[in-house]
Amino acid sequence: MDILAIGGFLLFLMLLLLSGGVWIAMTLAICGWVGQAFFTNSLPGLNLFSAFWESTASWELAALPLFIWMGEILFRTKLSEEMFSGLAPWLNRVPGRLFHTTILGCGIFGSVSGSSAATCATIAKVSLPELQKRGYNESIAIGSLATAGTLGILIPPSITMVVYAVAADASIIRIFLAGFLPGLLLMGLFSGYIAWWALRNKDQMPPKERTTTFREKLHLSRNLVPCALLIVFICWSLVAGWATATECAAYGVVGALALAAWSRSLTWANFTESLGGATRTSCMIMFILAGAAFLTKTMAFTGIPRELAEWVDAMQLSPYALIACLVVVYLVLGTALDGISMIVLTAAVVMPMIQKAGFDLVWFGIFVILLVEIAEVTPPVGFNLFVLQNMTGKDSTLIAKAAIPFFFCLVACIALITVFPQIVTAVPDALMGVAR
């Protein structure tokens with residue numbers, strides 16, 4: 001059977017199961033099982049076990065439940081409410097007001113966690129209830145969270161960046177440094193769209209809060225300072241090399257518990273509720289990761305990613321036509337694969353093509369990571385869509401529609417770094433010298 005026909009059949013089966021209400025993790029695992037059982041000579045039962053074990057038995061993933069627990073503590077002990085109350089007076093005159101907290105929160109938290117799922121889940125748990133309570137448009141809030149959550153893999157340190165650096169035999173430090181300016185650019189594009197939407201839809205924005213003096217702003221922000229110091233401490237510990245991401249996550253949990261106890265809002269009831277909520281969310285994400293890992297094994301056995309990459313190579317395209325074609329290929333792969341798998345399964349064919357066309361491998365790394373970010377919000381296997389679906393109870397299709405405007409911000413960012421590659425290379429070249 002033709003490889004592309006196999007891919008089309010598995011995609012149809014996935015959409016059919018999802019539309020029928022089958023659990024997301026089960027849908028991914030079923031599609032992987034069918035693909036291996038009927039279209040390969042492998043043993044699906046053995047591969048199912050190995051995929052589930054390999055995708056979850058990871059020290060790096062230990063940071064995920066810890067960061068989610070930190071968000072649950074901030075949410076259930078009213079520390080998040082105090083944070084938003086402290087931020088509101090300062091953002092009262094900015095178009096979009098508290099909407100910008102989702103972008104800023106994802107940018108800051110993404111630099112700590114290095115995980116798209118952890119960033120999306122934690123910031124959603126803290127910000128969504130507060131924005132809804134204050135009357136902010138739910139669609140914009142959810143759409144911005146779905147896409148801004150992907151900043152976790154663009155702003156270093158990032159597991160995806162490390163995987164790319166190994167696959168491309170490129171400098172990990174240069175790729176880390178290259179992610180800063182594109183990350184800030186993307187945050188600016190997201191916030192710019194929010195400001196534009198708020199100016200165009202003033203009737204859908206909640207009433208402005210009362211005007212406050214500078215002294216009153218400082219008084220209202222008194223409860224913001226401890227949480228801000230906790231975030232700064234976590235970020236600094238990671239940047240300075242004092243702690244790994246997992247250790248930083250543990251510091252975050254201890255710090256959140258200490259702040260909740262200090263503010264006298266920590267009780268045995270909300271402690272157990274936060275632990276239960278973190279467990280449920282973490283298990284949901286782990287099961288989806290395991291199902292995606294099994295489907296990835298199936299895609300590798302069928303050879304679909306390599307077939308697509310070799311098809312592009314055979315076309316002998318000009319450099320920018322090659323880039324345009326790779327965009328399409330990675331977007332297609334993103335409907336069925338996670339970002340790390342996309343990189344690993346295509347690296348052997350794509351990297352020589354990129355070097356032959358004269359593109360810098362560090363630049364291409366950021367380019368691919370932006371495409372991976374798009375894959376995170378592209379149905380049917382948009383991972384951030386699944387995370388928000390389970391956290392909000394909304395259908396993933398509605399979440400995907402809410403994310404469309406921010407999706408185009410990602411596309412605009414890709415276009416800008418393609419036209420102006422210095423956005424990517426400026427920081428590593430300035431700090432480490434021009435690569436030869």
Heavy atoms, side chains only, cut-off 4.5 Å: are [X] and [Y] in contact?
X: Arg97; Y: Pro206; answer: yes
X: Asn137; Y: Phe99; answer: yes
X: Leu17; Y: Cys31; answer: yes
X: Phe408; Y: Thr147; answer: no
X: Val424; Y: Pro182; answer: yes
X: Leu275; Y: Thr272; answer: no

Pairs under 3.5 angstrom only: tabulate donor-acceptor contacts from the side chains of residues 188-198 to other protein residues two or more places apart or in another chain.
unit_1: Ser191; atom_1: OG; unit_2: His100; atom_2: ND1; d: 3.4
unit_1: Ser191; atom_1: OG; unit_2: Met187; atom_2: O; d: 3.4

State, to 0.1 Å, how close [X] and [Y] come at their nearest heavy-atom pair, and which atoms those are.
X: Leu151; Y: Gly183; answer: CD2-O, 4.1 Å
X: Gln389; Y: Ile399; answer: N-CD1, 3.4 Å
X: Pro129; Y: Ala124; answer: CD-O, 3.6 Å

I need the [X] [atom1] to [Y] [atom2] distance, nearest 0.5 Å.
X: Lys394; Y: Leu388; atom1: NZ; atom2: CG; answer: 12.0 Å
X: Ile323; Y: Ile354; atom1: CD1; atom2: CD1; answer: 4.0 Å
X: Glu138; Y: Leu131; atom1: CD; atom2: CG; answer: 10.0 Å
X: Leu177; Y: Ile175; atom1: CG; atom2: CD1; answer: 10.5 Å
X: Asp429; Y: Asp360; atom1: CG; atom2: CG; answer: 7.5 Å
X: Leu257; Y: Leu266; atom1: CG; atom2: CG; answer: 6.0 Å

For [Y], does its backbone N or O pair with a side-chain atom of [X] as donor and acceptor, under 3.5 Å?
X: Trp69; Y: Gly277; answer: no
X: Ser265; Y: Ala261; answer: no
X: Thr150; Y: Ala146; answer: no

Apply the test side-chain contact (heavy atoms from CB on, under 4.5 Å) to residues Leu128 and Ile142: give CA-CA distance (whole Å), side-chain angles for both, the deciding distance (0.1 Å), then the verdict. CA-CA 8 Å; Leu128 268 183; Ile142 291 175; 4.1 Å; yes
For Ser127 and Thr102, run side-chain hydrogen bond (donor to acceptor under 3.5 Å, both in side chains): C-alpha distance rounded to whole Å, both residues' side-chain angles, the deciding distance at 0.1 Å, then the answer. CA-CA 7 Å; Ser127 63; Thr102 61; over 6 Å; no
Out of the candidates Leu181, Ile103, Leu416, Leu154, only one should pair with Leu186 under the side-chain contact (heavy atoms from CB on, under 4.5 Å) rule; please name it. Leu154
With sequence neighbours left out, what residues match Ile414 under side chain to side chain contact (heavy atoms under 4.5 Å, CB included)? Phe367, Leu370, Leu371, Ile374, Thr418
